[in-house]
Every structure is written in structure tokens, then in C-alpha cells.
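Each chain gets a letter, A, B and so on, in the order its sequence line appears, and its residues count up from 1. All values below come from the heavy atoms of this structure, side chains included, with hydrogens, waters and symmetry mates left out.
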Amino acid sequence: MSGRRKPYPFDQLEPKWQAIWEERQLFHAPNPGEKGFDPAKPKFYILDMFPYPSGAGLHVGHPEGYTATDIVARYRRMRGFNVLHPMGWDAFGLPAEQYAVKSGQHPAVTTRENVAKFKSQLKRIGFSYDWQREINTTDPRYYKWTQWIFLQIYNSWFNPETKRAEPISTYRGTDPDSVRLAYVADVPVNWCPELGTVLANEEVVDGKSEVGGFPVVRRPMRQWMLRITAYAERLIDELEGLDWPEGIKLLQRNWIGKSEGAEIDFKIDNDKKVRVFTTRPDTLYGGTFLVLAPEHSLVDLIVTEEQWPAVREYRERTARKSDLERAELSKEKTGVFTGAYAINPATEQKIPIWIADYVLLGYGTGAIGGVPAHDERDLEFARKFDLPIVEVVQPLGDEQALGFVGEGIAINSPIIDGLTSVEAKKKITAWLEERGQGKRAVNYKLRDWLFSRQRYWGEPFPIVWQDGKHRSLSETELPVIPPPLEDYKPSGTGEPPLARAKEWVGYSEKAVRETNTMPQWAGSCWYYLRFCDPHNDKRFVGEEAERYWMGGDKPGGVNLYVGGTEHAVLHLLYARFWHKVLFDLGYVSKPEPFQRLVNQGIILGEDNQKMSKSRGNIVNPDDVIDQHGADAFRCYEMFMGPFEQMKPWSTRGVEGVARFLARVWRLLMSENQAGKWELSGKIKNADPNKAQQKVLHATIKKVTEDIESFSFNTAISQMMIFVNAFTNVEMIPVVAIRTFLILLNPFAPHIASELWEKLNAKFSDVRGDITKQPWPGYDEQLLTEDEVEIVIQINGKLRDRMKMPILATHEESRPSAKSLSSRESWSISSYEQDVERIQGIRRKRQRC
RNA sequence: GCCGAUGUGGCGAAAUGGUAGACGCAACGGACUUAAAAUCCGUUGGGCCGUAAAAGGCCCGUGCCGGUUCGAGUCCGGCCAUCGGCACCA
């Protein structure tokens, strides 16, 4: 032990209480029907985004959210809820595998070590997780059910009539494989040569892999896809009933990117036509050319003899470009004329058909009608290639029509002239529909989810191939466990490492196993369900347990979900999608997984920079706990500032909070001659005086409300005010200090438990552990002042103060003549108004 | 470019339209101590007037400009800066 004396013995009492909690399993939440389950209590499910157990261990960012949920969990328990508060490990993923590639060690070994480290670090902070429910996505007993859920998805289709997933057996078409929610397709994928795998759109940032930052290129490959686009509409609409930050909802809506408009057919000749998607059918008369994506299948059919060489050359050039290049070199528009023409159905004019890489094959129909006067990109293109420009929208203001992309009045458009853009859209769409040349259409930016990876360390697909066709394994064959390998390295050719295990791949004489694995997101798409019933080996989650913990009168099952904004689109969208499929199939009771979502802000280094190894500004929780204890660490994490805001770490700040806890300690404990801590003689079985009563009840109120609203920093401030008020008093009433310890307990449970125990040894008025105590209520009456000070403002300036009884009458609360006349130069705009104002302020004071 | 968040002392931050800066850090002064640490008490936005010293008083101040209001950190309009997301999505 260090020679320096601790301000209070946290180094002894913290391990002591952690051992007691573990021994008595105080935070275990029994399921309905199990021993100790109390059906009279309402449930509350509080969840953290579970971590990837990296080799580096915990940093101070992790426990920020975990501390907040722990405070809420402890608070809810004291309020009489059955609280489900679990923790687990999202352990499939690249780092463990890359380490395996280097060392030859099986990733399961590294994972086990890292989990042990994370777990011991979390335990040191004193979190009240129900460790009996710990899960690990790489455990075969867990991923057996991940594979099982995949089978449900594979064996379902989205019925557009009912807008729900249904078993594939209800599909009446000829080719069920074409409608499954999990399907195989040759798609242009994000291929990352360095990582040797394909990546989802969401995993590619600025043309580079999100993990590692390696270049990513487009390349067509045969891949497993999940039909998330079928749920686009519901994923937008059903955000409505969730208590999520508006910003996160918006992020999801934008990612899904719904646009309404029309599909319009442009005739080329008697047997060919081009279909385009537009959100502005009202600008059809301004369409002076068409542009197809270079990869568009129609291109082969329409290119004229003399244009072939140019088209071929352009297509090859585009195909070679990586996403990064396509994005970066986009400053200048490029394109090639196909030599073909189409008829604009409105003007009946012949317009040229071009190809250009600013038109994407994957969105809409892969073709657009160029309306240069009212679209920036089309305008740039038309100017570069000297194509005609026709203005068809008149802005309402004094802007010029050319280049105007907003809504206005239709002009030069015989059928819809004079109509507003909104009306014009409706009318021209109806007109096209009548003539069979177009129809209303909705498009989404969201693409289907590329679900396969060419990696070792992930869930194998429960699929085999026979005669070139895929089929699912039966449930009884789960889990499909990956074979051990000598070499985990990706092949680089796109063939997954699992393909090397020849024996394993040969499923039967005729059938071979699928060798792709699932992406890391798979395990985290449903872990919150497994927590409800983690040891069930008959079902992915027991029906009763699911109904209880995921139930309630709101659409989302988890009451509170806390984690970082970095998962705003990926994890949260994928999990919602899986949950909806399971809901449609009748496996879960609510349509949404997470009711209330709160995002924690990032913690920066002391230098106000993002924490990183290279900057050397990383703070290790272990060091902080060694020096100041877990309670101080927890409280500082919460005291730093508003929970959702980004904020820098401060070593001095931790010291301040540690001092506060030491003051709490010394409020109850004093040192005797032998240097031993003993309960202070100042604590007496007596009634608090009026002022003490007031600060106590103000503290109960503030702490209670602030926990509910995630304003933990101001809750701690109020507790500091309480302690300051009781420092240096002659006598401390035991009831007041008991109540205070209950309030402190969620924030600093070790010290609160210890002091509570010390009080119990001397005073016999209350029994039992602090965690079993009910949360105190407060009495508004005790908070009101008898007398309030009111400031007199004249023309907005502070001019005088006056004291008056809180129950003063209207007459009595008039500013006194003295305060108004003491300076002649003050003018009073409205005397009566001032009286009203004073009344108003007084009412407010009274209320708080 | 579009969307969103944020902007308050030396620092982290508080403030249902009603005394801006609670609480904490740092700094300074005092008590205790042989001394230091720890602890406790006090001062602390800026400028000016006042006084022997006090007491006291005035003006300015929440990124910038304007507006609404008796009264604006808070509401409205316009700008600037920082951070985050999206980015040829027709």
C-alpha cells in the first residue's frame, strides 16, 4: 500500500461491499416463476450497449454510460421495480481475428482473456449487473440462436399485401428464392483487398474501410443479402412512438432516405423504353436529355455503331474507379452520348440518351431524365456537353428561374401551366398514368443489407449448397460450429477461410457447406432478447420471460437503452429490422426493441482532444480507482457535465469529487486517539430543525428529478450543497443523514453502504441493507419559504429589493413607495404590471 | 453544399422569460501546524465612483447584429465559429 494516507478507507470498503453483493447475489433479477420473483412489482429493463472486449481494456468512455445506467438501475430497485440490468460481450470481430492471423492463436483464446479483463475492470467499479445473465456472442450456446434467427429470416418473405413478414410457405409464386428475406445475389460489393472481405455500405467511410481505413473497391460478387428495404416504410413510421433523441430519429430517417415522386417511361422505339425515377414530375417539360448509369443493362441494346468505342471505354474507366475516386473526382461531370434518342412523353420531342457515372445503378431505376434548368447536377452536365436548357418552373420570389430547384409555378408546360409545383406533380402524374406512361413511385436510399463476410471469426451460415442451389439446415443441426484452422488469414481471392477446411465443407456426398460468415452486427441484433432468458436451451428466449421483460404499454420493450451515437444508424437500424421480422412471425411481443434511447457524450482527453494512444492522453479507470476509489470515479464521470455532451477529462475535477466523498465520510465518522475511524458523536436521534428539513427535502426533490432526466451533474451539486450545510453543525439528526445516504447510494454505493452499516450498528430505528431501502419522498410544504425576497426591476434594471411574506396579498405585494421613489429619475412604465410581475415571481418561488 | 448540435468567468459548468455565474476546479487571504500536507473559514466576471479603511453606489457583461417584451443566456430573424452526420440518392 502506498504510504500516503487515504482520506477515507475506500481501498478496504469497496472490495468488501463488492464481495458482499456478489455473495448475496443482491442484483440478480429472477424471471417469472423462479424463486424470489415478486409479481407485484413492475418491471424495468435497463440496458447498456454491450462492449467489444478489446485487448486494450476499458477506457473512461465505457463507464460513462455504464455508470448512468447503474445509477438508474439502483434507483429503480429502490423505487420498487424488478430491474433487469445485464451485461455481455459482443466478441466476434476483426481485432481478435487479426491477432489470430499474426499469432496463430485461436481467436476464442484471446476473446476469453479479454473478456476476463473487461469483467474484472467492470466489477471494480461496483456496477450492479446481474452477472448470472452474462452472455457472449461467440459462445455456441448463444450463436446457435443467432443462426436459428437467420433461418427464420431465410424461411420468410415480406408480403406486400399485409406489409409483414410471413413464412415462405404462404408464398404462392413460382420462385420462393426470389422473395426470401435472406437471399443470394450477384451484386457490386465493397471489396476491401487489405481485409480480404466485402463490407456493408455502412462500414465504408469515404471510400475506405471503417476498420483500418483501407481502400475499398467496387466488384461484383455472389453474396448473402437481407431484404431490409422491405421494411423501409415501417422503419421510418414506427420511429414515431419511440422516446429517442430527435436527432437520432432524423439520422435514421435520412439514412433510409424516402423520396416520393413518379416513374416515367420514355419511349425509344417500338419495343424499347427507358424508365426513370423523378421526384419532380412537374418539370417533365424541361427534360431535354436522359442519362443512364454506365452499368445500366439497356445500354447494350441502344448504343449505335459509331458510339460503341467511346461507350465501352467510358464504362471500363468507371468500373475501375473505387468509390473514393468516384466521390473525389466528381467535381467535373463526365459522360458519353450513346447515339440513341428517346421521346419525352410531354413534349413529344426526341431527346438524346447519355451515360454518366453521376447516375447510380442502385438507386431508383438507374436512369434519370435530365432537367438542366431545375437541377444543379443536370445543369452542370448540360453546360459541359452543350445540351439544351428549358425553364419550366417560375420561382415565387424574385430569384431567376434558371437553376432554381425549389417549388414554384409551372411555365412552358401546356398541361400544367400556372399550377403550383405540388398541384402540377399530381396532375402530370395522373395524366401519365392515364396514358400508361408513368405512375406514382416511392424510392429509398436504403439498400438491402449485405450480410456475408469472408472471415473466420463470425457465425457460419446454417446453409448448404447442392446442385447449385442453397437450402437451410434443420434446427436440430444447430449450432454450426466453425472448424479449427491452421491459418485464419483471408485468402485474398474472395474465397472465405472456412473453405480451407475441406472435411468440414463436405456436408454430404452431394452437398457442401456455405463458407461465408455473418457480420459482427448479427450477434448484437438480438442480444437484448437473450438477456431475458440467457440459459434457455429450448428456445432463443422463453415466451414468458420475453413477455415479461419486453412487455409494457409502449411499442418498445427495453425501457432504457444507453450508448454512443456511433451506433445511431448501423446497430440500431439492424436490430430494429430483426426485431420486426421476429415480431411479424409472432416470436416477440412488441414491434420495437428499445423504447427510450439516451446517447452519452464522448469524453475527451485533458488536452481537449479525442483520447488516443498516439496523443498519449488516455485515462485508465484502474489508475483513477487506485488513487481515489470507485465511488469517486463514478461520481466524477457523472459530475463532469451534461451526460449527452462531449466533455474533457480533468484530473483536478476527480480530486474535487473525491474530496466531496471524504467530507461525507467525515460528516459521520471521526478519528479517535488511536487513529481509528468511529461513528461521530454528533449524530443524534433527534428531529431536524427547519432549515435542515428544508435542505434535506430540496435535495430529495432535486436528486429524484435529476436522475429521471439524466442530469446527474446537478444531482451531485445538490448533494454537495447538503453536505456543506451539515458541515460544522453541532448535531446531525440521524434521520436526515440516513435519507441522504439513500440518495447518495446510486451514485456512490460503496461508501453509502458502509456508512449505512455503521449507523445500523448504533441506531436501531432502521434495519437491513441500504439497497433494500425504499426511495424517500419529499414534502413540498417544507420547501416553501415563509418570506421571499423580491427584486424591483424598473425598465429591466434592478432597482430595489423587498422582502414580503410568501402569502402576501395583491395589495401587500405592491412595491413600496420608498423603493419606487428613492430615485426620481426612474420611470415606471406600468405600475400595475409590476404588481402582476411580482405576484408571478412569488408564485414561482412558492412552487419550488 | 445539405441536415443537426453547441457557443456563458482563468477552467468544467448552473439558471420553468424574472437578482447571470448555483456546485466544483484553479487562484488568493486567514485559522490550525515548528513546518508542510490534509482540514476548516473567507474572497474571487470586468470597469468606475466612494471611503482613512469599510459600508455603499453606478456602468458594462452569456459568439456577433437586429427584433419581440416592463424584463431575453432563455423567444423570433439574420450572420460567424466549432463539432458531428450525410454527400452526385434524381
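The A:Asp375 side chain lies nearest to B:A90 when the options are B:G4, B:A90, B:C83. Ranking B:A90, B:G85, B:A26 by closeness to the A:Leu251 side chain, first place goes to B:G85. The side chain of A:Asn728 lies closest to B:C41, out of B:A26, B:C41, B:C23. Of the candidate nucleotides B:C88, B:C40, B:A26, B:A26 has the atom nearest to the side chain of A:Glu655. For A:Thr727, counting side-chain heavy atoms from C-beta on, the closest listed nucleotide (B:A90, B:C41, B:A26) is B:C41. Of the candidate nucleotides B:A90, B:G24, B:A22, B:G24 has the atom lying nearest to any side-chain atom of A:Met720. Picking from B:C3, B:A22, B:C40 the nucleotide with the shortest atom distance to the side chain of A:Asn254 gives B:C3.
B:G67 and B:U74 have their C1' atoms separated by 15 Å, with the value rounded to a whole Å. Of the C1' atoms belonging to B:G63 and B:G7, the separation is 6 Å, rounded to the nearest Å. For the C1' atoms, the distance from B:A35 to B:A53 is 33 Å, rounded to whole Å. For the C1' atom pair drawn from B:U62 and B:A20, the interatomic distance equals 7 Å after rounding to whole Å. Spacing between B:C49 and B:C25 at atom P, rounded to whole Å, works out to 35 Å. Taking atom P on both nucleotides, B:G9 is separated from B:G73 by 14 Å, rounded to a whole Å. Rounded to the nearest Å, the gap between the C1' atom of B:C23 and that of B:A13 is 8 Å. Comparing the P positions of B:A72 and B:G12 gives a spacing of 27 Å, expressed to the nearest Å.
Using a distance-only test at 3.5 Å, with no hydrogens or angles considered, a donor-acceptor pair links the side chain of A:Thr283 to the main chain of A:Arg280. In this structure, A:His374 contributes its side chain and A:Gly403 its backbone to no donor-acceptor pair below 3.5 Å. Side chain of A:Lys258 to main chain of A:Ile236: no donor-acceptor pair is present (N/O by atom type, distance under 3.5 Å, no hydrogens or angles).
When each of A:Lys647 and A:Lys610 is assigned the nucleotide of RNA chain B with its nearest heavy atom, A:Lys647 is the one assigned upstream, toward the 5' end. Along RNA chain B, the nucleotide nearest to A:Ser259 and the one nearest to A:Pro648 differ in position, and the one closer to the 5' end is contacted by A:Pro648.
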Secondary-structure notation, RNA chain B, from Watson-Crick and G-U pairs under 3.5 angstrom (| other strand): (((((((..(((.....[....))).(((((.......))))).(((((......)))))..(((((..]....))))))))))))....
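Judged purely by distance below 3.5 Å, without hydrogens or angles, the side chains of A:Asp378 and A:Tyr358 pair a donor atom with an acceptor atom. Counted by atom type alone, A:Thr318 and A:Asp357 present zero donor-acceptor pairs between their side chains at under 3.5 Å. Residues A:Glu233 and A:Tyr444 have side chains that bring a donor and an acceptor to within less than 3.5 angstrom of each other.
Heavy atoms of A:Asn443 sit nowhere under 4.0 angstrom from any nucleic acid atom. In this structure, A:Phe639 reaches the bases: a heavy-atom distance under 4.0 Å links it to at least one base atom across the strands shown. Counting non-hydrogen atoms under 4.0 angstrom, A:Thr279 reaches the backbone sugars and phosphates but no base. At the heavy-atom level, A:Asn713 lies under 4.0 Å from the strands shown only through sugar-phosphate atoms. At a threshold of 4.0 angstrom between heavy atoms, the contacts of A:Gly247 with the nucleic acid are absent. At the heavy-atom level, A:Met719 lies nowhere under 4.0 Å from the strands shown.
Between A:Phe712 and A:Phe643, the ring planes are perpendicular. Angles over 60° get that label, and only those under 30° would be called parallel.
The environment of NZ in A:Lys610 is sparse: at most 12 heavy-atom neighbours from other residues, nucleotides or ligands sit within 6.0 Å.
We find that CD of A:Gln609 is positioned 12 Å from C1' of B:C83, with the value rounded to whole Å. In this structure, A:Phe277 places its CZ atom 17 Å from P of B:C88, rounding to the nearest Å.
One finds no side-chain N or O of A:Arg666 lying less than 4.0 angstrom from the OP1 or OP2 phosphate oxygen of B:A38. Proximity of A:Gln645 to the phosphate of B:A13: a side-chain N or O atom is located under 4.0 Å from OP1 or OP2. Regarding contacts with the backbone of B:A26, a side-chain N or O of A:Arg659 is found under 4.0 angstrom from either OP1 or OP2. At B:G84, none of the side-chain N or O atoms of A:Asn599 fall inside 4.0 Å of OP1 or OP2 (strictly under the cut-off).
One donor-acceptor pair, N or O on each side, does fall under 3.5 Å between the base of B:C88 and the side chain of A:Lys333.
By the rule that a glycosidic angle within 90° of 0 means syn, B:G56 does not qualify and counts as anti.
Proximity of the aromatic rings of A:Phe381 and A:Phe289 is defined here by a centroid distance below 6.0 angstrom, and this criterion is met.
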